[in-house]
Amino acid sequence: MDLLAGLNSQQQQALSAGLGPVLVLAGPGSGKTRVLTHRIAYLVGHLAVRPYNILAVTFTNKAAREMESRVEELLGSRPNGLWLGTFHSVCARILRREADKLPFDNNFVIFDDDDQRGLVKRAIRDLDLDEKQYRPHTVHNSISRAKNELILADDFPVQTYRDEVVQRVFARYQELLLTSNAVDFDDLLLWTAMLLEENEEVRQKYARRFEHVLVDEFQDTNMAQYTLLKHLASFHNNIFVVGDVDQSIYRWRGADYRNVIRFENDYPDAQVILLEQNYRSTQTILDAAMAVIDRNPNRTAKSLFTDRAGGEKIELQELFDGREEGTFIVNTIATNVQLEGREPGEYAVMYRTNAQSRQIEEAFLQANLPYKLVGAQRFYGRREVKDVLAYLRLVHNPNDEASLGRVINTPTRRIGAKTQAALRTLAVNENISMGTALLNLAKGDKSDYIGAFSKGAGQALAVFGQMLAGWREKVVEVSPLKLMDAILSDIDYQHYLDDGTEEGVDRWENVLELRRLAAEYNERGLGEFLEELALVSDQDTVDADANVPTLLTLHAAKGLEFPVVIITGLEDGTLPHIRSFDDPEGMAEERRLFYVGITRAKDKLYMTHAQNRSSYGYQEPTDPSRFLEDIPDELVEGGNAARVTGRPKVSEQAYDWDSPAYQSAEILQPSYKAGMRVLHPTWDEGMVLNSRIEDGDEVVDVFFKDLGQKTLIASLAQLEIIDA
DNA sequence: ATGGACAATGTTTTT
DNA sequence: CATTGTCCAT
């Protein structure tokens, strides 16, 4: 095994760096994943480090999986015992093992965004605060930010009255989490970091075990993660981090690229290695990227270079509105696929906000072309999926009040708001969870608590309690799939979803999809199933196999690459986003986001902007993004040549990229261009002003010297080209 | 308790 | 505009 083969000298240096802290500053496309995987293989293969003594952390499960399989390839065998996972999954694992030292059990659940917001809302209500004034979303943000800084409710800095309120909500929220035997995303990091910080024994246990700690995307770590790493590497001090401050795009999530600087301060003896050779993009693309990022203040310039001199120019296209932008994108891809022999899967369409995807999707749907959309609640955020998951979570952990609240009356079973409130009061008075109360009420008349309810309410609760108790018995002996089937049939969920509409059918199909997923966890069990589902990221849903274009946010694009990239919505207010206008750090991050997008492209980059963008219902005129000004003119071509009049529409004809008929499908390309001289049988000579494809026909505007401007259908008017 | 009709209200990015 | 909340009639 020659791990050095095929690596450049900087990469080799990183790979075989000696013991101690190492900081690898890796530009986009410089092979950092390669360095990480080779480094692990090197540790195991050359230095005879046991995989058991290595921890590697990434930000997405996908990255972790990829790394694992590459390491396996390099070593020729599975690295048994290697800890490789996301920050959150690694933390969840540690917390489950060490739960006896913590204020929750090891079958704790991980609350998702909705659960978290719901819980904050309840905390706000519990404290008799005005929801209008203290919006759960905003308050939760403050709490989350604090947690990422390792600040607990007690230490929450109070400067204003509002802070004081947030502090109280924070404390209540945390109580509610614990009564639910739950943690939120931030808690995973926070509890682990605190545990390591405060418990010498636990810290030693892990710090001694992990002889080597490796970290990907280091620039995106927050304070909690940084602390965590520090403790984990505190015994052997072999911490190998890879990152690029220019690609730091998660500040709003607490990430702080200054952790890179902090690292250099905390480990003054760290070896610093720069990876500057880019193996991905053409020089043109790289030049544009560097021109954009160079404008950011306070950065150490990297000089990226590539072997791929020249390259196609960047194509900039102005469109009338988002709808036209969508059509342009679809037409461009469809045309290129036919004429340039590209595969549909080589294309990625990127945008700043998820809302932008809709008009693009509509264009694909209208043209009957397949595409795939990354992330954004696509599947796990669906109501029906969340419902079924909530049932499973409740069975797994009856203390989970968020799930209980979700399913107790879904489908409706005559347990309304009033009864639920009574149940909560009872639970609080008896100092038990609502789930426990419910399980007790399952005994019906024999329950001690039945007296607290009216006859109807008590009976309804007893019925549901019995159901829950039945599932609880099953959970120990039966696979997740069987349990799910039992639940679905007991609550007659299919019938509940079937409202006669197509949407109802779709919803049921989503449930079936979830069933398919559950089937994969027959051996691993319900706990793992739920945990993995709680920690899936949008990026994890990127599926490289389907040969169709990918639609994704710029954030989701980090770490990926595509032969052709189309960055859309390059308007002031969208990219950079308006919310960052008054914040220099925010603007710098918007710029980095653009940089990340540009550097995803290998061969060719398109950029689009629309003259009008609809924000909500209203169309508003826009200005081109200020970032466009920073790209040197000679790297860019195009503009608004194609659109002078009219709205090109996507041709109605259907083409399916997977069908054999696809190659014969007619994709029209204008055969006339502005400036051409043409001869018309009766109107004589004229000049082409503009040509476009509309409804499957080429429509040409021609200026005739005697008649003025005429609009012609190319296939009918027998034009002859005199001079191109 | 339920479901429908209407009003309000909010829009970045996501582990 | 699209979701979410509130009010009202059943």
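Lettering of chains follows the sequences in order, A, B, ..., and the numbering in each one begins at 1. The model shown is predicted, which means the values in this text are computed figures rather than measured ones.
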*Axial cation check for A/Phe594 ring with A/Arg591, 6.0 Å and 45° limits*: no
*Could you state the atom-to-atom distance from CZ of A/Phe185 to P of B/dT14 in whole Å?*
13 Å
*Indicate the ring-plane relationship of A/Phe108 and A/Phe104, choosing parallel, tilted or perpendicular according to the 30° and 60° boundaries.*
perpendicular
*Among the candidates B/dA1, B/dG3, B/dG10, find the nucleotide nearest to the side-chain atoms of A/Arg135.*
B/dG10
*Look at the side chain of A/Trp252 and decide which nucleotide, out of B/dT12, B/dT14, B/dA1, has an atom nearest to it.*
B/dT14
*Residue closer to the 5' end of DNA chain B, A/Thr419 versus A/His555 (nearest nucleotide)*: A/Thr419
*Taking the six-membered ring for Trp, are A/Tyr496 and A/Tyr493 ring centroids under 6.0 Å apart?*
yes
_Cationic tip of A/Arg253 above A/Tyr250 ring, under 6.0 Å, 45° of axis_ = yes
*Is A/Phe59 touching bases, backbone alone, or none of the nucleic acid, heavy atoms closer than 4.0 Å?*
sugar-phosphate
*Select base, sugar-phosphate, or nothing to describe what A/Arg592 touches, counting heavy atoms under 4.0 Å on all strands.*
nothing
*asked:* For a quick check of understanding: with a heavy-atom distance under 4.0 Å over all strands, which category does A/Arg413 fall into, base, sugar-phosphate or nothing?
replied: sugar-phosphate
_Selected nucleotide, minimal atom distance to A/Arg253 side chain, candidates B/dA1, B/dT12, B/dT14_ = B/dT14
*Specify the residue among A/His137 and A/Ala556 whose closest nucleotide of DNA chain B lies further upstream toward the 5′ end.*
A/His137
_Interatomic distance where CD1 belongs to A/Ile415 and C1' belongs to B/dT2 [whole Å]_ = 14 Å
*Nearest-Å distance for atom pair CZ/P, residues A/Phe111 and B/dT15*: 19 Å
_Sidechain N-carboxylate O distance under 4.0 Å for A/Asp126, A/Arg424_ = no
*Taking A/Arg592 for the side chain and A/Asp246 for the main chain, is one N or O donor matched with an acceptor at less than 3.5 Å?*
no
_So, OP1 or OP2 of B/dT12: does either fall under 4.0 Å of a side-chain N or O from A/Ser580?_
no
*In whole angstrom, give the distance that lies between atom CG of A/Asn148 and atom P of B/dT14.*
16 Å
*Would A/His577 pass as stacked on B/dT12, i.e. its ring centre under 5.5 Å from the base's six-membered ring centre and planes under 30° apart?*
yes
*First and last nucleotide of DNA chain C touching chain A, 5' to 3', heavy-atom cut-off 4.0 Å?*
C/dC1 to C/dG5
*A/Tyr257: side chain to side chain donor-acceptor pair (under 3.5 Å) partners, not counting sequence neighbours*: A/Glu585
*asked:* Taking B/dT13 as the reference, what is the distance to C/dT4 when you measure between their C1' atoms (whole Å, please)?
replied: 22 Å
*Between atom NZ in A/Lys132 and atom C1' in B/dT9, what is the gap in whole Å?*
9 Å
*asked:* Ring-plane angle category for A/Phe464 and A/Tyr391, please: parallel below 30°, perpendicular beyond 60°, tilted otherwise.
replied: perpendicular
_A/Arg352 side chain, from C-beta outward: closest of B/dG3, B/dT12, B/dT9_ = B/dT12
*Looking at every strand, decide which applies to A/Thr574 at a 4.0 Å heavy-atom threshold: base, sugar-phosphate, or nothing.*
nothing
*Could you state the CZ-P distance from A/Arg591 to B/dT12, rounded to the nearest angstrom?*
22 Å
*Any side-chain hydrogen bond (donor to acceptor under 3.5 Å, both in side chains) pairs touching residues 571-581 of chain A, not counting sequence neighbours?*
A/Glu571-A/Arg613, A/Asp572-A/Arg626, A/Ser580-A/Glu590
*Taking only the side-chain nitrogens and oxygens of A/Asn222, find out if one of them lies under 4.0 Å from OP1 or OP2 of B/dT15.*
no
*Below 4.0 Å: OP1/OP2 of B/dT14 and any side-chain N or O of A/Asn354*: yes
_Euclidean distance, atom CZ of residue A/Arg579 to atom P of B/dG10 [Å, nearest integer]_ = 11 Å
*Specify the separation, in whole Å, of atom OH of A/Tyr250 and atom C1' of B/dT12.*
11 Å
_Considering every strand and a 4.0 Å limit on heavy-atom distances, what is the contact class for A/Asn409: base, sugar-phosphate, or nothing?_
sugar-phosphate
